[in-house]
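Notes for the one structure printed next.
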Amino acid sequence: MTRTREAGAAGRRGRRGARLVLAALLLGAPAHAADDTSPEALVGALLQNRGPIGAPFDLVDQRGQRRIDADFRGKVMVIYFGYTHCPDVCPTELQSLSSAIDLLGADASAVQPLFITVDPERDTPSHLADYATSFHPRLVALTGSSSAIRQVALAYKVYFARSNATQGSDYAVDHTGFVYLVGKDGRYRGFLAPGTPPETIAARVRAELQHAD
Ligand code: NI
């Protein structure tokens, strides 16, 4: 496959992912949510704050170190779920998140940005290391076993699934793209919609920092 065709396929996957996020936002909760891991059910639960949202996690960072949620107690966690092969949605969100951290200035030391992969098969710690560095030096990128990733993703009402359109190791992962705020006490505080500008993210985090004091 030529580079151009690859780029085209990546672009199509990205647009498809963006449409999924938008569709999931617009659909809300269906009348009959038989499958509570469907995108409609998960996004509905998030939008209606049907808890509990969030949960403890036990994962591995980009340096290969075990990291649990309690390691970050005392800091406001800003969490984004995605995957490094994501063609455009994840990089855009992580860039916004990184800009927000910079906007916080000295307050950023009380904030921990976290990227949790929904593609643990490909996103190994060493793969995450290069990726995280390209966004922000303070970004901690986390991976883990498929079951550990699935557990934390579902706890945060994240929908993710491999796209059926591709085969082998060249696949896309459709996923919702919310940014989650977790207080210094480890409790879920709220979410920000995909596409939230860095200034708004920074303002919400700043409010959370004051709230927790
Ligand atoms: Ni993505």
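Whatever order the structure lists them in is the order used to number ligands and atoms, beginning at 1. Only heavy atoms go into these numbers, but all of them, side chains included; no hydrogens, no water, no symmetry mates.
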Problem - Qualifying residues under side-chain hydrogen bond (donor to acceptor under 3.5 Å, both in side chains), relative to D71, sequence neighbours excluded - result: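 With sequence neighbours excluded, D71 shows a side-chain hydrogen bond (donor to acceptor under 3.5 Å, both in side chains) to no residue whatsoever.
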For residues 107-116, please give each side-chain donor-acceptor pair under 3.5 Å, one per line with the distance, not counting sequence neighbours.
residue : atom : partner : partner atom : Å
D107    : OD2  : R206    : NH1          : 2.9
S109    : OG   : A106    : O            : 3.0
Q112    : NE2  : R138    : O            : 3.0

Practice task
If a pair satisfies salt bridge (Lys or Arg N to Asp or Glu O under 4.0 Å) and one of its residues is in residues 119-137, list it, with sequence neighbours excluded.
Solution key: D119-R122, E121-R162
Exercise for the section: Mind checking the CD-NE2 spacing from Q62 to H127? Nearest 0.5 Å is all I need. Expected result: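 One finds 12.5 Å between CD of Q62 and NE2 of H127.
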Practice task
Taking atom CZ of R73 as the centre, report whether more than 12 heavy atoms of other residues, nucleotides or ligands fall under 6.0 Å from it.
Solution key: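 Result for CZ/R73: enclosed.
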Handout entry: Atoms named by residue and atom, protein N, O or S, within reach of the Ni ion (ligand 1) (under 2.8 Å)
Key = C86 SG, C90 SG, H175 NE2
Practice task
Indicate yes or no for a side-chain donor-acceptor contact from Y80 to the backbone of L94 under 3.5 Å, with no hydrogens or angles considered.
Solution key: no
